[in-house]
Amino acid sequence: MSLHLLDKLPKGFLDCPADQLHNILSGPSLIQLKGRREPAVFVSILLHGNEDTGLYAIQKILKHYQDSELPRSLALFIGNISAARLGLRRLPKQPDYNRTWPQGEYPNSIEAHTMREVTDIMRKQGVFVSVDVHNNTGLNPHYACINRLNSDFLHLATLFSRTVVYFLRPQGVQSLAFSEFCPAVTIEAGTTGNQYSIDHTASFLDACLHIEHLPHHPVTAHDIDLFHTVATIKIPAEVNFEFSDSDTEPHDWQGAHMQLRAQLDHLNFNELPANTPIGWLAPNSSQQMPLQVENEAGEQVAEQYIQIMDNQVCLSRSLMPAMFTLDSRVIRQDCLGYLMERLPHPKTDKA
């Protein structure tokens with residue numbers, strides 16, 4: 001899986017759907033297109049093969065500039081083309097492409113070698129801003145994620161959404177790697193197959209190509225809702241789970257250890273009180289903790305955030321979930337979702 005370097009778009013790219021990219025690109029590709037200003041805007045798309053909004057947004061922008069010069073140079077990285085062919089996040093034996101960037105979970109994998117190569121090239125050339133485009137499967141607003149609380153990172157994020165999430169885990173993500181040398185953001189552009197998601201992402205990326213510099217002054221408090229990801233929730237492989245047919249305690253059990261709320265994703269980006277139930281243990285359960293909860297230091301801290309009350313699996317404190325999903329495949333391949341707390345407005349820039 002070697003990195004393919006191009007200085008122009010391959011024939012047919014502008015109208016190629018995600019599941020056909022393998023016909024014009026033979027693997028992960030870095031396409032560098034010259035524009036009026038330097039350094040380039042770096043954009044990564046399809047790190048997850050089933051998240052295609054970034055591709056269609058980039059195609060929309062490049063069609064617009066097909067007969068004119070780009071306002072700023074663009075470095076476009078196209079990731080998991082083989083998974084995109086099948087409409088999957090990743091193939092069964094692949095690592096997650098957005099966990100293989102420097103300092104990630106798979107340092108010796110061939111994918112990690114490719115991501116290090118991309119990172120080294122762009123670090124050497126210089127990058128104006130970095131944008132990693134994603135979709136999600138649950139009910140979430142459009143929001144931006146950053147790994148540093150610097151003013152330029154915050155201004156970049158609020159160009160996309162006033163809802164901004166600061167996180168340090170998971171490691172090995174693209175934005176964390178590029179945050180070492182340029183303002184970097186991950187944008188979560190809702191679900192796939194949504195024209196608004198494509199249009200909003202294209203508008204944001206076009207703005208990144210046009211701006212001369214990011215402001216140095218702090219973002220004003222009324223322009224941002226800032227949250228901090230404090231924990232990641234996973235379901236261990238040995239725990240059988242299913243989704244209930246309602247958001248109240250289920251009565252029909254068919255062998256699962258745990259049932260989750262039918263509309264679990266409706267809890268996303270709502271500040272929930274302590275004791276809010278997210279699921280239930282089977283009646284014959286020994287009431288052992290069915291979830292793994294990891295904080296940003298990588299420690300297992302389930303008891304700090306989750307409690308079992310009369311077979312209810314509940315939040316133990318006031319929290320805001322993000323990216324809770326109803327997609328069992330995503331839950332098994334990645335996680336159930338994240339827990340966040342509101343951050344006070346940063347009054348000064350942080351180095």
Side-chain angles (χ1 to χ4, degrees), residues 95-109 112 115 132 134 136 138 140 143 145-149 153 164-180 184 186 188 226-241 257-258 260 264 267-279 281 285-309 312-325 330-344 346 350-351:
D96 188 319
Y97 271 40
N98 206 29
R99 304 293 185 269
T100 58
W101 295 82
Q103 310 306 315
E105 300 174 16
Y106 309 92
N108 299 318
S109 67
M115 305 315 174
D132 186 22
H134 285 267
N136 44 71
N140 295 276
Y143 64 99
C145 303
I146 56 174
N147 311 113
R148 295 181 181 231
L149 293 174
F153 284 66
V164 179
V165 175
Y166 168 68
F167 77 96
L168 296 176
R169 279 187 179 265
Q171 295 183 319
V173 299
Q174 188 277 332
S175 63
L176 197 58
F178 274 55
S179 70
E180 296 291 330
T186 299
E188 293 287 348
L226 183 60
F227 301 94
H228 177 205
T229 298
V230 294
T232 305
I233 302 180
K234 297 186 178 183
I235 300 179
E238 64 271 16
V239 175
N240 295 324
F241 73 93
H257 296 137
M258 176 175 59
L260 298 166
L264 185 69
L267 301 180
N268 289 334
F269 285 87
N270 288 288
E271 293 181 89
L272 304 175
N275 303 328
T276 299
I278 62 173
L281 295 177
S285 169
S286 61
Q287 291 199 346
Q288 293 182 344
M289 177 62 67
L291 302 174
Q292 292 177 342
V293 183
E294 185 177 277
N295 67 12
E296 62 183 11
E299 301 164 333
Q300 296 301 316
V301 292
E303 289 72 17
Q304 294 182 24
Y305 298 100
I306 304 292
Q307 60 184 339
I308 309 300
M309 300 174 59
Q312 284 189 333
V313 183
C314 301
L315 301 180
S316 60
R317 55 201 278 190
S318 178
L319 293 159
M320 175 181 280
M323 293 182 72
F324 275 176
T325 177
V330 170
I331 293 170
R332 288 303 191 194
Q333 288 189 337
D334 187 27
C335 67
L336 176 63
Y338 301 91
L339 298 175
M340 306 185 299
E341 294 178 334
R342 188 179 288 272
L343 272 182
K350 290 191 175 184

Donor-acceptor pairs under 3.5 angstrom involving side-chain atoms of residues 167-175: please list them, not counting sequence neighbours.
unit_1: R169; atom_1: NE; unit_2: E296; atom_2: O; d: 2.9
unit_1: Q174; atom_1: NE2; unit_2: S130; atom_2: OG; d: 2.8
unit_1: S175; atom_1: OG; unit_2: N147; atom_2: OD1; d: 2.8
unit_1: S175; atom_1: OG; unit_2: T186; atom_2: OG1; d: 3.2

*Run the numbers on M320 and E341 for side chain to side chain contact (heavy atoms under 4.5 Å, CB included), then give the verdict.*
CA-CA 6 Å; M320 175 181 280; E341 294 178 334; over 6 Å; no
*Run the side chain to side chain contact (heavy atoms under 4.5 Å, CB included) check on N275 and Q307 step by step: do they pass?*
CA-CA 8 Å; N275 303 328; Q307 60 184 339; 2.6 Å; yes
*Taking it one step at a time, do D132 and H134 satisfy side chain to side chain donor-acceptor pair (under 3.5 Å)?*
CA-CA 7 Å; D132 186 22; H134 285 267; 2.7 Å; yes
*Under the side chain to side chain contact (heavy atoms under 4.5 Å, CB included) criterion, do F241 and L336 qualify, and how do the steps go?*
CA-CA 11 Å; F241 73 93; L336 176 63; over 6 Å; no
*Check the pair Y305, I233 against side chain to side chain contact (heavy atoms under 4.5 Å, CB included), reporting the backbone distance first and the verdict last.*
CA-CA 10 Å; Y305 298 100; I233 302 180; over 6 Å; no
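A heavy-atom distance below 4.5 Å is found between the side chains of C314 and P277. For the pair E188 and N140, the minimum side-chain heavy-atom distance is 4.5 Å or more. M323 places none of its side-chain heavy atoms less than 4.5 Å from the side chain of D334. For the pair M258/L291, a side-chain contact is recorded, criterion being any heavy-atom separation below 4.5 Å from C-beta on. Contact of the V313 side chain with the I308 side chain is registered, since non-hydrogen atoms from C-beta on lie closer than 4.5 Å. Looking only at side-chain heavy atoms (C-beta outward), L149 and L226 come within less than 4.5 Å of each other. Side-chain contact between P290 and I306 is absent, with no heavy-atom pair separated by less than 4.5 Å. Taking the side chain as every heavy atom from C-beta outward, L260 and F324 never approach each other to under 4.5 Å.
Side-chain atoms of N270 do not come within 3.5 Å of backbone N or O of L272 as any donor-acceptor pair. Between the S318 side chain and the P273 main chain, no donor and acceptor come within less than 3.5 Å of each other.
Contact detail for A322 and N268: the closest heavy-atom pair is C-OD1, 3.5 Å. Here the shortest heavy-atom pairing between F153 and R148 reads CB-O, 3.6 Å.
Rounding to the nearest 0.5 Å gives a distance of 9.0 Å between CE of M289 and CG of L281. Rounded to the nearest 0.5 angstrom, C335 SG and Q292 CD are separated by 11.5 Å.
For F269, the ring pair (Phe, Tyr, Trp, His ring centres under 6.0 Å) partners two or more places apart in sequence, or in a different chain, are Y143. Shown here are the salt bridge (charged side-chain N to carboxylate O under 4.0 Å, His left out) partners of R332, two or more places apart in sequence or in another chain: there are none. Shown here are the ring pair (Phe, Tyr, Trp, His ring centres under 6.0 Å) partners of H228, two or more places apart in sequence or in another chain: Y166. Take T325 and apply the side-chain hydrogen bond (donor to acceptor under 3.5 Å, both in side chains) test, not counting sequence neighbours, and it matches T137.
Residue pairs meeting the salt bridge (Lys or Arg N to Asp or Glu O under 4.0 Å) criterion with at least one member in residues 228-239, sequence neighbours excluded, do not occur.
Annotation for Q103: atom CD does not count as buried by contact number, only 12 or fewer foreign heavy atoms lying within 6.0 Å.
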